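Notes follow once the structure below has been shown.
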Amino acid sequence: MAGKKAVVVEHLKRDQMLEVVSKGKRLDGRGLLDMRPISIEIGFIEKANGSAKVRLGNTEVIAGVKIQTGKPFDDTPDKGLLIVTAEVLPIASAYAEPGPPNEEAIELARVVDRGVRESGMIDLSKLCLVEGKTVLAVFVDISVLNVGGNLFDAASYAAISALVSAKMPKYSVTKDGEVKDTGKIVALSTKLIPVSITMAVIDDTIIVDPTLDEEAVMTARITLTSADKSILCAGQKGCAGGFSTEQITFAADTSLKKGEAVRQIIKKSVERGKKKR
Amino acid sequence: MAGKKAVVVEHLKRDQMLEVVSKGKRLDGRGLLDMRPISIEIGFIEKANGSAKVRLGNTEVIAGVKIQTGKPFDDTPDKGLLIVTAEVLPIASAYAEPGPPNEEAIELARVVDRGVRESGMIDLSKLCLVEGKTVLAVFVDISVLNVGGNLFDAASYAAISALVSAKMPKYSVTKDGEVKDTGKIVALSTKLIPVSITMAVIDDTIIVDPTLDEEAVMTARITLTSADKSILCAGQKGCAGGFSTEQITFAADTSLKKGEAVRQIIKKSVERGKKKR
Amino acid sequence: MAGKKAVVVEHLKRDQMLEVVSKGKRLDGRGLLDMRPISIEIGFIEKANGSAKVRLGNTEVIAGVKIQTGKPFDDTPDKGLLIVTAEVLPIASAYAEPGPPNEEAIELARVVDRGVRESGMIDLSKLCLVEGKTVLAVFVDISVLNVGGNLFDAASYAAISALVSAKMPKYSVTKDGEVKDTGKIVALSTKLIPVSITMAVIDDTIIVDPTLDEEAVMTARITLTSADKSILCAGQKGCAGGFSTEQITFAADTSLKKGEAVRQIIKKSVERGKKKR
Amino acid sequence: MSNLVNSKGLRQDGRKLNELRPIKMEVGVLENADGSAYIEFGKNKIMAAVYGPKDVHPKHMSVPDRAILRCRYHMTPFSTDTRKNPAPSRREIEISKVIREALEPTLILTDYPRTAIAVYIEVLQSDGGSRCAGVSAASLALADAGINMTDLAAGCAAGKIAGKVALDLDDTEDKEGDADMPLAILPNLGKVTLLQLDGKFTRKEFEQAFNLAKDGCMKVYELQRKALTEKYFGKGEVEA
Amino acid sequence: MSNLVNSKGLRQDGRKLNELRPIKMEVGVLENADGSAYIEFGKNKIMAAVYGPKDVHPKHMSVPDRAILRCRYHMTPFSTDTRKNPAPSRREIEISKVIREALEPTLILTDYPRTAIAVYIEVLQSDGGSRCAGVSAASLALADAGINMTDLAAGCAAGKIAGKVALDLDDTEDKEGDADMPLAILPNLGKVTLLQLDGKFTRKEFEQAFNLAKDGCMKVYELQRKALTEKYFGKGEVEA
Amino acid sequence: MSNLVNSKGLRQDGRKLNELRPIKMEVGVLENADGSAYIEFGKNKIMAAVYGPKDVHPKHMSVPDRAILRCRYHMTPFSTDTRKNPAPSRREIEISKVIREALEPTLILTDYPRTAIAVYIEVLQSDGGSRCAGVSAASLALADAGINMTDLAAGCAAGKIAGKVALDLDDTEDKEGDADMPLAILPNLGKVTLLQLDGKFTRKEFEQAFNLAKDGCMKVYELQRKALTEKYFGKGEVEA
């Protein structure tokens, strides 16, 4: 799908890009391990339980959280549900087509899901109202508004920010198992702020937060998500190339380090969002 | 889809059609505001709760009504369901393909649905058996047998006639909320007979009940449904052209006037159908 | 789909095949009414309730049986469910494409289903646990591993063998209608071993168990399933050609006769499977 | 155990065991179709239409030396006792296939290279035996479309109710009976082109049912010929 | 019976019967799109983007003498009170069609033979009247894309609440009110290109509502012009 | 808290923490496929087949200077404890993608311009680690198909159970354990081409698990080489 564009980029910019990277720089002036500017607007979708609009460079993503009652899965009758979806909206790129999610969008949703789920930031057993019958379902729906490289991190930051700032009705359960909305609003209980950091290999060098042009020439990609300063909780290698053992080690270190910086940005944005409301 | 045919019609008949319309006439001899002959056969599908086969000129449509118990929607626990579908069967036209309904068929079903629903001809709250648990679902399924212009009105007359003549089992509800078929047959309770009138713009002139050829050259289409002599209850503008303010006003008057005539035809057909059975 | 291959086969082998068949022989040395060697491996999928891997000539098929609790159909509240599916896996042939089952796969599943269901080998009313609420659902899923002619019989033998050897948890029902797994394992109760025999017409001659090459030149196909020595219980004619009355009669006799031989093979394989476990 | 046949040997609708339900056929009933036919077979009400020969889309599906035949058997949502979901069921997909294979031997497809002929069968009301009635209607529609043919296909089923072999089961007999065998034959070519079997027959019953269904098909064939004659020389509708 | 209009003739959000909700428009908001616009219309938040003119896939869908216009109106799962299933609903498919038909008369499609122009409307948050706001945003995005146009399309609805004709219903008013009539007009060409009606109007109310909606459209049109001016000559965002 | 590892440091199936499950590989097991392989990895039973290089349909998907690689990882309905719905799950779609990306660097796709190479992985029975076993089987099938390759891809996972880093988790260990990291490496090129992580590792555990999984991959690689040797020079089946 992105074939034609990729070819053009390769011919025009490939040499140029390889040259600057070999000198430890990037075409946009960043250092190899610098993220682009991140801006996070909390509560953009007032009707959602939680929402965040994230700009990472020129990638733009909205995540909305909806929390509704539902039925638990048969094999986890005492746990709430977490459902993450992602769509690259057709407004976002000349190469995005309307229709059911393709494998890229499915991978995107699943990698974000993994970061949320495996970090344990949400205790799903606390979302059970009536075992085997009624639980809370947390839907995290991600819409990509503009494709500008590194969808994984932008989508992840949007999802995490939306979850951390989410509010929901407090439910009570009557003796005979009826679920009632008490009318009170409480925060969705979350622990930790998992942060994904995506890295790419260009000319055997690892760079952080690739742009769309860099993605067109990268040979491999890896996303590593940290649950906190010292714990890695999710990972995904992508693209038709590979990493050396040393590069994997370096990527793990980089994820933990850069992740902590992004974690502070998310925290501050959520704090700022709370004040505004 | 209809592209090729439309082109041919335009070249051969366009001038001719514009000429007669400019003289206040139609190629088939009708006046501008005349409907084609309407014939309605009630009860064609004995196994359905209600049915009607309608011929409007050379357009042929069958509507079948099935009434079954079902679950209410979450947000209307005390109301029955009305579900309208339409399919242009592949027997009906060289341009109709088998498969899931395309946008034309979906629009057709939704415009018919709107006429039924918004007129209030069926009181959905009377179709509730056990609040939140069991209601009656009224399915109105429309099959187009032959495409001959103005599917909207033919489909609408078929659906309305099928509903007005529908019979169904009388249900009783036991103390502990069990629904039982009493074995008695009663009529589906309906008030009003909503009637849609579809008009087209050809050469800036409004005509009623366009034929297939006229549809190929019309620049805009409007369907206005009246609930009775003086009330409009549903509308849908179509096609890639527009109406002037005066034309909209004229269309509203025309719908009310022509609608009353069709209403009498439907009433008589239903009466005749009752006697036959 | 198989178009291109069929053409090649026709040109190269058609004359040759017709010649040997006219002499009462087959290209692979078999007599007209001989089956290819059948091997049946019971219990290949340990995690399934029952399974069998069948090799019929170079056709290879696995059937797996899963037995789970489920809801009965509205019109048979006191009966368990039998659901048969078939997929020609894309590993099985250059002409098999991944995706939802096409008409060939659907026909395959339905013909196998018919043999199982109509023979009465499974008494579905014995699979009812709580009328109208909980029954056992028997899923028979058929995966074709290699396409080598006569999928119908290979799939049928695999399904039947998997069912006959299936084991399942014993369920108990408490007074208030709760279904519990007792922890005991019992055999799925089956009566009879239905056996399908597929025949093809080549040069107006009936042959049994066609190979892929023979299928490419056959003009008609018939599958007749016997419930035992003297009862026919399912049938399916296929392909764009026909049978004479005499050929139908002959096919019925042949199915009963050859079916009994295959029945013994299935029985022995199941016995052997029991000992192994 | 079964009240499908009474003490006088009559069925619930009064028919004898070897009697067909009332049949009505009409050719050329739809304006847009290249060929069409309508059949009532008991309470079955079925419309068949043919479009083609026409260009094949997508093109790579066309065959250089003959027409491809497409066939869809479809039930309208209101055609069954309980409303049918509009999406095609596995049953409809299978029946579309066996009907196509029943009709194909009647057509001289090589007369129409690189084209497609589409047969659409719409069951407006179903009542047991709809696939057989559908074959018969479709064959009439093909003839009405002027497609070169070597024979008509005529369909009729026979089954077993209350332990007895019987012709042309209706819905109740099909559901409560013991077996059903739909058949379609080409009367002039002497070929069986559709045969299915659901339910238990002894070898002898199989033969009896087969012969009974064949007789039924021959009666249907006579009505088909009459309907075609009426259409092209007479008043256009036939009743049996 | 209804508390949609209070004794002072004011609505739940304090508006008068003939008053629009607050509106914000911005042109050129997306980097990748050939043209784009963002609109806030009350609580509606809608993004529209245009891609094209571009090659048509599949090719046989292209038309030799003009561009084909494609349009998708789509609601994100989080845009509604209860989460919306991501798959396109029948409602979205219908609205996509009427919006396309509302926009098409503004475009000189013959200037772009054999190409496709795609209009995508994404409802990020919906609050009644989203199809009208969607038309307005899409028309701005088409202008931003530099497509040759003869007019803008401006959308606004009028309806009936508590028995009174009222301009621009929000979600609650739409659901609890008596009728709603979405409209889109081409102000310079003097044409109505979108009109739908849900609910009961007397003949007179119909006329009143129609005129009220038309006035609303004209106000929207002024804001559209302002937004375009701001984008190309000014600071890029307009509020009403 | 967890009984996944006993007091002697042994796992439920008696394995040590750094021990692989029994492995069986066989090359060239399917008659129709251009290349094929079968692997048993614990209770995993997986069949992989390769078709191609072959023409690309639809044609516009072909690439002028190389082959496109297609890959489907698919679980049969009977392969899992609870029956799996036959439709492809989001999980299967994701795994198909990462496996394709794990295999692609081993292939000299430029040797086959304008063609497609299709890799199909069928999980007949699954038991934890099926994607790694699937990569290994697929790589053998590609070699068996005679596709020009620069290396094999060998897959193996490591994870954390009862707080301890462990090699090659089975289904129970995966579900009840703390973390799992599937890996695939190209032993000669020294590249990691598949890596995923589910669950919490400290930085140190990450490194331990990574190295343990790499060792596992090397053992798998030895068995792959043996299986290929057996196929082309020996008796065709290998057990570990």
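All figures in this text were calculated on a predicted structure; none of them were measured in a lab. Residue numbers begin at 1 in each chain, while the letters A, B, ... track the order of the sequences.
In this structure, E:K97 does not pair ionically with E:E92, as no charged nitrogen and carboxylate oxygen lie closer than 4.0 Å. Here E:R100 pairs with B:E103 in a salt bridge; the nearest charged N to carboxylate O distance falls below 4.0 Å. Contact check on E:K191 versus B:D204 returns a salt bridge, with a Lys/Arg side-chain nitrogen under 4.0 Å from an Asp/Glu carboxylate oxygen. Taking a cutoff of 4.0 Å between a charged side-chain nitrogen and a carboxylate oxygen, E:E207 and E:R203 qualify as a salt bridge. Salt-bridge check for E:D170 with E:K43: failed, with every basic side-chain N at 4.0 Å or more from each acidic carboxylate O.
For chain E, the nearby parts of B:D253 are the backbone and the side chain; heavy atoms of each come within less than 4.5 Å. Heavy-atom distances place the side chain of B:L256, and not its backbone, under 4.5 Å from chain E. Proximity to chain B (any heavy atom under 4.5 Å) is shown, for E:F201, by both the backbone and the side chain. Interface remark: B:T245 contributes backbone and side-chain atoms alike to the contact with chain E (heavy atom separation under 4.5 Å). Of the atoms belonging to E:K204, not a single heavy atom falls under 4.5 Å from chain B. Both the backbone and the side chain of B:T249 have a heavy atom closer than 4.5 Å to some heavy atom of chain E. E:R91 touches chain B through backbone and side chain together, each having a heavy atom under 4.5 Å away. With a threshold of 4.5 angstrom between heavy atoms, B:A234 approaches chain E through its backbone and through its side chain. For chain B, the nearby parts of E:L195 are the backbone and the side chain; heavy atoms of each come within less than 4.5 Å.
Between the side chain of E:R11 and the main chain of E:L17, a donor-acceptor pair closer than 3.5 Å is present.
When each of B:E107, B:R110, B:Q236 is scored by its heavy-atom pairs under 4.5 Å with chain E, the top score falls to B:R110. Taking E:V192, E:L189, E:L186, E:T193 one by one and counting their heavy-atom pairs under 4.5 Å with chain B, the maximum is reached by E:V192. Ranked by heavy-atom pairs under 4.5 Å with chain E, the first of B:A227, B:A220, B:G241 is B:G241. By number of non-hydrogen pairs under 4.5 angstrom with chain E, the leading residue of B:C239, B:S255, B:P101, B:G120 is B:C239. Ranked by heavy-atom pairs under 4.5 Å with chain E, the list B:A252, B:S244, B:S226 is led by B:A252. Counting heavy-atom pairs closer than 4.5 Å to chain B, the top residue among E:M61, E:E104, E:R90 is E:R90.
A donor and an acceptor atom, one from each side chain of B:T198 and B:T223, are located under 3.5 Å apart. A donor-acceptor pair shorter than 3.5 Å can be found between the side chains of E:E94 and E:Q196. Checking B:T85 against B:D141 by side-chain atom types alone, a donor-acceptor pair falls below 3.5 Å. Judged purely by distance below 3.5 Å, without hydrogens or angles, the side chains of E:S130 and E:Y73 pair a donor atom with an acceptor atom.
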